[in-house]
Amino acid sequence: MHDGDMTTALMEWYARARRDLPWRRTHDPYAIWVSETMLQQTRVDTAIPYFLRFMERFPHIRSLAHAHEDDVLALWAGLGYYARARALHRAAQYVSAQHQGVVPADYAQFAALPGVGAYTAGAVMSIAYGLPYAAIDANVLRVCARIHAIEDDITRTKTKQYIAQLQRALLPPHDAGTFNQAMMELGALICTARSPQCGACPVRSYCRAHAHGRTGDIPYKKAKKNPRSERRCAIVCIREDDGRILMRQRGASGLLSRMWELPHVSLEHEEEPMPWSIDGAINPQWQEHVGIARLTHGTALAMFVHRFTHRIWQMDVVVRHAVVHRDAPSPYAWVDEQQRASLAVAALFDRIVASVRADHRV
DNA sequence: AAAACGGGGCC
DNA sequence: GGCCCAGTTTT
């Protein structure tokens, strides 16, 4: 038994068991790049509909490069990690201008683009261009850690570098893309994080974790810190004349940057002056600022809890009907149902607005 | 090296 | 409720 046999067994399994995925039906480097970007920290099943819609709307690099960022974000809305979409958009503009709209077939040039890290560079260069680079994602880290019975914390840089070195040694010189995908597919279908299907594994006989009964303990990861919880209060202002709802676009940096949201405040870091409070009091200066002449008394809705990776928002929601005497200034806007569907609305607020629409039948 | 950065699916 | 996911960038 040596490495060459394991690679052969893996590749034969992959040829037989590989899923038919949209980005496996193309050799277009741009399409593969888009798919790899969407798949960052995102499951395959989640990404598929987003990928199909994105490729239909932006079929080549130049169409993406010429798009407005708001439209790119709108197609990304619900996928999360929106910096990915903005970086991809900027990278497309750069490739369009500096590389004649062709994805560079050079690792260093491609890896220099915004949003392209070691994984994405290795994946696109190997899958799209057949270049001999490894692509180390969470699947490969897990599979590799188990095969070699690596007990070290796989989140540590040193462990990742060691695994990358092992992977490079296994790389078939002319079929690195298929090999990388086979490793990832094995991790996604067989060598899963919980209850791996070792009985169906094509490389079981090479796996030291399986031999030692350690698949439940490997890979090891240090526990993550608990996310911080924060109470917030959002306001849903519904126009009495046409039913539109007041929303606003977030700024260019930080969490959910450039995404649309309901106006909301933290109840813990007091914002001065407080635009409104949970008990129903509205700051007249804020009301005047957004052009509302009159507001009905508020009705409280259920609290919405939203978990991010690193924090939790407990969002109290107040619903009010508004009489408007002046259009809302940027970044505020009155949004109807059709506009909401074409705006980049953050998932939490999209959920809240949909719920309010259902309750009020508007 | 650690934290920021989304959201959904699964147990 | 906790863990995980075809990671990258910033601090």
Side-chain angles (χ1 to χ4, degrees), chain A residues 14 18-19 21-24 32-51 73 76-88 90-91 110-124 126-128 134-144 153-161 164 167 177 179-189 191-196 216 219-229 250 253-259 261 304-313 344-351:
Chain A
Y14 179 67
R18 70 199 291 258
R19 290 169 290 179
L21 301 174
W23 44 87
R24 287 184 178 158
I32 292 165
W33 178 17
V34 170
S35 75
E36 292 300 346
T37 306
M38 284 190 173
L39 288 165
Q40 290 167 13
Q41 294 289 284
T42 305
R43 291 168 192 282
V44 164
D45 291 341
T46 305
I48 288 174
Y50 285 88
F51 174 79
L73 272 183
W76 213 274
L79 255 191
Y81 287 139
Y82 300 103
R84 292 182 293 175
R86 302 172 69 205
L88 180 62
R90 272 184 286 130
F110 184 66
L113 297 171
V116 178
Y119 164 75
T120 304
V124 174
S126 64
I127 297 170
I136 315 292
D137 75 331
N139 287 307
V140 176
L141 286 175
R142 183 175 58 252
V143 171
C144 217
D153 183 346
I154 60 162
T155 65
R156 288 182 56 208
T157 304
K158 191 153 186 189
T159 313
K160 290 180 186 174
Q161 285 173 345
Q167 278 302 102
F179 173 75
N180 286 334
Q181 292 188 83
M183 286 291 293
M184 294 190 276
E185 195 78 338
L186 187 68
L189 298 183
C191 194
T192 49
R194 281 171 303 219
S195 12
Y220 168 77
K221 283 185 188 181
K222 192 176 55 183
K224 284 179 183 161
K225 285 170 52 178
N226 286 332
R228 302 216 10 130
S229 188
R250 293 173 69 89
S253 68
L255 185 65
L256 300 174
S257 50
R258 302 309 291 164
M259 299 295 284
E261 65 178 7
F304 288 76
V305 179
H306 192 71
R307 297 179 71 89
F308 299 97
T309 303
H310 58 302
R311 70 183 73 178
I312 300 171
W313 280 354
V345 181
L348 164 63
F349 300 101
D350 206 53
R351 199 154 55 83

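Note on naming: letters A, B, ... go to the chains in the order of the sequence lines (proteins, then strands), and numbering restarts at 1 for each one.
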- Query: Would you say the ring centroid of A/Phe110 lies under 6.0 angstrom from that of A/Trp33?
  - Reply: yes
Gap in Å between the two P atoms, one belonging to C/dA6 and one to B/dA3, rounded
24 Å
Phosphate contact (B/dA3 OP1 or OP2) by A/Lys225 side-chain N/O below 4.0 Å:
yes
Just checking, is any N or O donor in the side chain of A/Arg84 or A/Gln41 under 3.5 Å from an acceptor N or O on the other one?
-> no
Do A/Glu185 and A/Arg18 meet the salt-bridge criterion of a basic N to acidic O distance under 4.0 Å?
no
Rounded to whole Å, CZ of A/Arg86 lies from C1' of C/dT9 at a distance of 13 Å
* To do: Give a yes/no answer on whether the side chain of A/Lys221 brings an N or O atom under 4.0 Å of OP1 or OP2 in C/dC5.
  => yes
Original post:
Do A/Glu36 and A/Tyr119 have side-chain atoms, one donor and one acceptor, less than 3.5 Å apart?
Top reply: yes
| Going by the angle between their ring planes, with limits at 30° and 60°, are A/Phe308 and A/His310 parallel, tilted or perpendicular? | tilted
B/S/- along nucleotides 5-11 of chain B (protein heavy atoms under 4.0 Å) is BBBB-B-
Atom OH of A/Tyr220 and atom P of C/dC3 are separated, to the nearest Å, by 12 Å
Atom CZ of A/Arg18 and atom P of C/dA6 are separated, to the nearest Å, by 17 Å
When rounded to whole Å, the NZ to P distance for the pair A/Lys222 and C/dG2 reads 18 Å
Can you confirm whether or not the ring centre of A/Trp23 sits under 6.0 Å from the ring centre of A/Phe51? yes
When rounded to whole Å, the CZ to C1' distance for the pair A/Arg142 and C/dC5 reads 9 Å
note: A/Tyr119, atom OH; C/dT9, atom P; distance rounded to Å ~ 14 Å
Assign each of A/Ala188 and A/Pro114 the nucleotide of DNA chain C bearing its closest heavy atom; nearer the 5' end lies the nucleotide of A/Ala188
Point to revise | Any A/Ser35 side-chain N or O less than 4.0 Å from OP1/OP2 of C/dA6 | key: no
Rounded to whole Å, the CZ-C1' distance (A/Arg156 to B/dA3) equals 18 Å
Item to complete: May I ask you to check whether A/Ser257 and A/Arg86 show a side-chain donor-acceptor distance below 3.5 Å?
Response: yes
Heavy-atom nearest nucleotide on DNA chain C taken for A/Asn226 and for A/Ala111; more 5' hit belongs to A/Asn226
* Rounded P spacing from B/dG6 to C/dT10 in Å -> 13 Å
With a 4.0 Å cutoff (strictly under), does any side-chain N or O of A/Lys224 reach OP1 or OP2 of B/dA2?
no
note: A/Lys158, atom NZ; B/dA2, atom C1'; distance rounded to Å ~ 18 Å
